[in-house]
Amino acid sequence: MDAREMKIKAAEAALAHVEGGMRLGIGTGSTAEEFVRLLAEKVAGGLKVEGVPTSERTARLCVELGVPLKSLDELPALDLTIDGADEVDAGLRLIKGGGGALLREKIVAAASERMIVIADESKLVDTLGAFALPIEVNPFGLVSTRIAIEKVAARLGLSGELNLRQSGDGDFTTDGGHHIIDASFGRIPDAEALSSELNSIPGVVEHGLFINMAALAIIAGPAGARTLQANR
Ligand SMILES: O=C(CO)[C@H](O)[C@H](O)COP(=O)(O)O
């Protein structure tokens, strides 16, 4: 089974949690897009759901495939969000934001009664941090914000390169008009502490640590999909 087939397996298993009438948060990334494709088939077959997309990219795919969309202001309380992740640990702590949508993803997940993460098994880790942590920052005062991030990291015994994410024509800009610093800290033994320290920096808009947000993770490997439950 190749990586795409594993993503489809995870998306199929997540679809089993979707019921008619649900208000869905719809994630961003290649795994979430497999979910959108499967959801669109169900919608074409008569399933009635309304979705709130977590990015312009996901919104475009949903429109193309006929998945009905609303804004989060129109549907401020959601039943379920299905989204991918860059890393998942056994406590269902996540690193997200590889696709640059972490702010809307976190807002949408927080507005949902439940979040289910879908991923292939390459995303499952013992300790978060092999994937560089995306930190969404305001373009104003970037240098100061960067220094503040370095200080916070040093207090927690972390260090590593901070790279301002680039796209084809310059600095990457998120749907919200911000930039992303990818922080290669390596192992993050205390994700909770790093999360709250980063949240205290004014230039940090949001970061890609999702803690106590996912209720289930559906992880697909060659033998099929298995479900990990948050123990809280
Ligand atoms: O957080 C995300 C986007 O901001 C994605 O969910 C994450 O990057 C995983 O993407 P993929 O399913 O393509 O590996």
Side-chain angles (χ1 to χ4, degrees), residues 1-15 24-39 51-62 72 78 80-89 92-112 114-125 128-137 163-167 171-184 188 191 195 198 204-211 213-221 225 228:
M1 199 184 288
D2 66 18
R4 174 152 190 235
E5 288 167 328
M6 287 190 251
K7 290 173 190 185
I8 294 171
K9 280 272 169 257
E12 275 170 356
L15 197 61
L24 295 176
I26 305 179
T28 296
S30 57
T31 317
E33 284 175 8
E34 298 302 348
F35 172 75
V36 172
R37 290 190 187 93
L38 295 171
L39 180 67
V52 172
T54 53
S55 63
E56 300 301 327
R57 168 179 158 185
T58 294
R60 281 193 294 275
L61 184 66
C62 288
L72 190 58
L78 303 173
L80 174 64
T81 285
I82 310 275
D83 202 349
D86 300 299
E87 284 189 347
V88 185
D89 76 5
L92 302 198
R93 286 175 283 258
L94 315 174
I95 286 183
K96 286 186 53 54
L102 67 102
L103 175 61
R104 291 192 186 182
E105 289 172 333
K106 202 176 267 191
I107 293 171
V108 167
S112 301
R114 280 203 319 155
M115 177 191 195
I116 297 180
V117 176
I118 50 177
D120 65 84
E121 65 181 12
S122 69
K123 307 291 184 64
L124 196 57
V125 296
L128 298 177
F131 191 91
L133 177 66
I135 304 173
E136 186 156 345
V137 292
N163 291 310
L164 188 61
R165 191 179 294 184
Q166 300 295 300
S167 62
D171 298 341
F172 175 84
T173 300
T174 66
D175 287 343
H178 310 123
H179 295 322
I180 289 190
I181 290 176
D182 290 304
S184 297
I188 303 173
S195 170
L198 289 174
V204 169
V205 179
E206 198 38 271
H207 58 74
L209 290 167
F210 283 48
I211 296 170
M213 298 197 86
L216 291 183
I218 298 175
I219 307 291
L228 307 182

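Starting from 1, each residue takes its place in the sequence as its number. Both ligands and their constituent atoms are indexed starting at 1 by order of listing.
Here is the list of ligand 1 atoms found below 4.0 Å of a heavy atom in G97: 1 (O), 2 (C), 4 (O). Set against the non-hydrogen atoms of G84, the atoms of ligand 1 under 4.0 Å away are 6 (O). When each atom of ligand 1 is checked for a heavy atom of D83 under 4.0 Å away, the hits are 6 (O). Atoms of ligand 1 found under 4.0 Å from any heavy atom of G100, numbered from 1 in the order shown, are 4 (O). Within ligand 1, counting atoms from 1 as listed, the ones closer than 4.0 Å to a heavy atom of A85 are 6 (O), 7 (C), 9 (C). Listed by number with element, the atoms of ligand 1 under 4.0 angstrom from any heavy atom of E105 are 1 (O), 2 (C), 3 (C), 4 (O), 6 (O).
Checking D83, T58, D175 one by one against T28, the side chain to side chain donor-acceptor pair (under 3.5 Å) holds for a single residue, T58. No option in R60, R57, K7 other than R57 meets the salt bridge (charged side-chain N to carboxylate O under 4.0 Å, His left out) test with E33.
Distances from atom 7 (C) of ligand 1 to the heavy atoms of T28, V117, D86 put D86 nearest.
When non-hydrogen atoms are compared, ligand 1 lies under 4.0 Å from neither the backbone nor the side chain of A119.
Side-chain contact between I181 and L133 is absent, with no heavy-atom pair separated by less than 4.5 Å. Inter-residue side-chain proximity for T54 and I26 is flagged as unmet; no heavy-atom pair is nearer than 4.5 Å. Under the 4.5 Å side-chain criterion, counting only non-hydrogen atoms from C-beta, I180 is not in contact with I135.
Closest to atom 13 (O) of ligand 1 among all protein heavy atoms lies S30 OG, 2.5 Å. Distance from atom 10 (O) of ligand 1 to its nearest protein heavy atom, with residue and atom name: G29 CA, 4.0 Å. Closest to atom 12 (O) of ligand 1 among all protein heavy atoms lies T31 OG1, 2.5 Å.
Contact analysis puts K123 in contact with ligand 1, with a non-hydrogen atom separation below 4.0 angstrom. In this structure, G27 falls outside the shell of residues with a heavy atom less than 4.0 angstrom from ligand 1.
Not one N or O of A32 is nearer than 3.5 Å to an N or O of ligand 1, by distance alone.
By the salt bridge (charged side-chain N to carboxylate O under 4.0 Å, His left out) test, K9 pairs with E12, sequence neighbours left out.
E87 has no carboxylate O lying under 4.0 Å from a charged side-chain N of K96, or vice versa, which leaves the two without a salt bridge.
In this structure, the separation between CD1 on I188 and CZ on R93 is 11.0 Å, given to the nearest 0.5 Å.
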